[in-house]
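In this chain, numbering begins with 1 at the start of the sequence shown. Keep in mind it's a predicted model, so treat the numbers as computed, not measured.
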Amino acid sequence: MNAPQHPSASPRPVAVITGASQGIGRFTALGIAESGFQVTVVARSVARGRETVADLAEARGCTVGDGPFDWVAADLSREHEIEEAARELLDRHPRINLLVNNAGLVARKYGSTPEGLERTLVVNHLAPVRLTHALLPALLAAGAAGSPSRTGTSGGARIVILSSGAHAKRLDLTAFEGPRGYSGLHAYAQSKLLNLLHAFDLARVLAGTGVTVNAVHPGLVGTGLLDSFLPEGLVRRALSPVFRLVSKSPEEGARTSIHVATSPEVAGITGRYFVKGVPADPAPAALDPENQQGVRRWTEGLTGIDWGQTPEPEDLPA
Ligand SMILES: NC(=O)c1ccc[n+]([C@@H]2O[C@H](COP(=O)([O-])OP(=O)(O)OC[C@H]3O[C@@H](n4cnc5c(N)ncnc54)[C@H](OP(=O)(O)O)[C@@H]3O)[C@@H](O)[C@H]2O)c1
């Protein structure tokens, strides 16, 4: 069940964000709301959606019913749940001005999803591809219309994809193949390279449509995800406080995402990788057109989605 707490015809520009229940995403959702957006959180479950929106409303000092937050439920490791949530979002919002693909995970052990694919690959790469593709009609409609002047944004719609400075320097799709020789850290680094390849290739596909696509490295941020890099148990309990000391707070970690999502300075900029609020150079492997084309085809083989194919203008919502 996906329960809207707000009417579909929102007077505010509309943002959709994944992974806003904790960590960087929580503060990104708050920052985006501060910029004037209606923020729909894609939460793992109904219970998580309710909890997250209650928490965000409390942090913003508003009530759930009157605040700028609502939610849809989708476990991002489940293809059909993403499809259902996207249908719900398109029903509510014919135009979506901002999509932040923030949710992510690091796995310590090999695990597969119901479709039999490695979990990091599915949640970190295939889910953003699926959600972005499904919401593209509403993003393109917002891009064609230009964004409302009351927000900090000017000109079109934006897609922001959370990558990482830990992205792999060389593409290795065998990272996701199976439990034999599996390394969760290698799979994570590859998934974050896939985020960049997707972002840069999609930015080229969408050039001239009014929809920009950029990737972000938030810095080293003290979150549950950072703890997942440590083995569970004593080592994690001992080292987690040290990680917290040397890392940014989640609030600080959200700053680059919020900047890329809302700042007028970023209007019209597309196909870039932002670190500490400014464009930076990713590994050359992320810019390689052969890697981008190869990953587009490989992802199509897994999902049936070719992100090079976009809806025709006459098929967009009015
Ligand atoms: N932390 C860092 O130092 C760092 C550095 C570079 C990049 N990043 C990137 O920043 C992004 C956010 O990371 P974070 O550190 O803020 O992580 P986090 O605190 O662990 O938060 C992860 C978020 O993703 C959601 N999520 C995970 N799996 C999901 C699923 N199957 N379905 C729905 N939601 C799911 C979680 O929901 P639940 O609460 O329901 O589990 C949570 O809201 C990630 O893409 C990460 O790769 C982080």
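Residues L126 and V213 share a hydrophobic cluster, clusters being chains of Ile/Leu/Val/Met/Phe/Trp/Tyr side chains in contact below 4.5 Å. If you chain together hydrophobic residues whose side chains sit under 4.5 Å apart, I159 and V42 fall into the same group. V295 and Y273 fall into different hydrophobic clusters, where Ile, Leu, Val, Met, Phe, Trp and Tyr are joined by side-chain heavy atoms under 4.5 Å apart, directly or via other members. With hydrophobic clusters built from ILVMFWY side chains whose heavy atoms lie under 4.5 angstrom apart, L90 shares a cluster with V14.
Side-chain atoms of T113 never come within 3.5 Å of backbone atoms of R119 as a donor-acceptor pair (strictly under, hydrogens ignored). Checked by atom type and distance alone, the side chain of T18 pairs as donor or acceptor with a backbone atom of A103 at under 3.5 Å. Remark: the backbone N or O of L162 is paired with a side-chain donor or acceptor of K192 at under 3.5 angstrom. Between the side chain of R158 and the main chain of V260, a donor-acceptor pair closer than 3.5 Å is present. Panel note: side chain R108, backbone F229; a donor-acceptor pair is recorded below 3.5 Å. In terms of modelled atom types and a separation under 3.5 Å, the side chain of H198 and the main chain of V129 share no donor-acceptor contact. Under the 3.5 Å distance criterion, the side-chain polar atoms of N291 are left unmatched by any main-chain donor or acceptor of A286. Side-chain atoms of Q38 come within 3.5 Å of backbone N or O of P68 as a donor-acceptor pair. A donor-acceptor pair is defined here as one N or O able to donate and one able to accept, closer than 3.5 Å; such a pair exists between the side chain of N214 and the backbone of R272. Put simply, the side chain of T270 never gets that close to the backbone of T212: no donor and acceptor are under 3.5 Å apart.
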side-chain contact (heavy atoms from CB on, under 4.5 Å) between T52 and W71: does it pass, once the steps are laid out?
CA-CA 8 Å; T52 301; W71 56 271; over 6 Å; no
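Sparse packing is recorded around CD of E58, with 12 or fewer heavy atoms of other residues, nucleotides or ligands lying under 6.0 Å away. A 6.0 Å sphere centred on NZ of K276 holds no more than 12 heavy atoms belonging to other residues, nucleotides or ligands.
Here the CG atom belonging to N195 is positioned 10.0 Å from the CZ atom belonging to F200, to the nearest 0.5 angstrom. To the nearest 0.5 Å, the span separating CD1 on I17 from CD1 on I32 amounts to 4.5 Å. Rounded to the nearest 0.5 Å, atoms CG (D288) and CZ (R170) are 12.5 Å apart. Rounding to the nearest 0.5 Å gives a distance of 3.5 Å between OH of Y182 and CD of E118.
Side-chain N/O atoms of E251 and S249 include no donor and acceptor closer than 3.5 Å.
A side chain to side chain donor-acceptor pair (under 3.5 Å) with N124 is found for one member of S191, S163, S164 and no other, namely S191.
Ion pairing between R48 and E51 holds under the 4.0 Å rule for side-chain N and carboxylate O. Using a 4.0 Å cut-off between charged side-chain N and carboxylate O, R92 and E88 make a salt bridge.
The list of side-chain hydrogen bond (donor to acceptor under 3.5 Å, both in side chains) pairs with a residue in residues 126-138, not counting sequence neighbours, reads N101-T132, E115-R130.
You'll find the side chain of L194 reaches within 4.5 Å of the side chain of L171, heavy atoms only.
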Residues 232-243, side-chain donor-acceptor partners within the protein, below 3.5 Å, at least two apart:
from	atom 1	to	atom 2	distance (Å)
R236	NE	D227	O	3.1
R236	NE	L230	O	3.1
R236	NH2	L230	O	2.9
S240	OG	D227	OD1	2.9
S240	OG	D227	OD2	3.3

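Between W298 and H125, the ring planes are parallel. Angles under 30° get that label, and only those over 60° would be called perpendicular.
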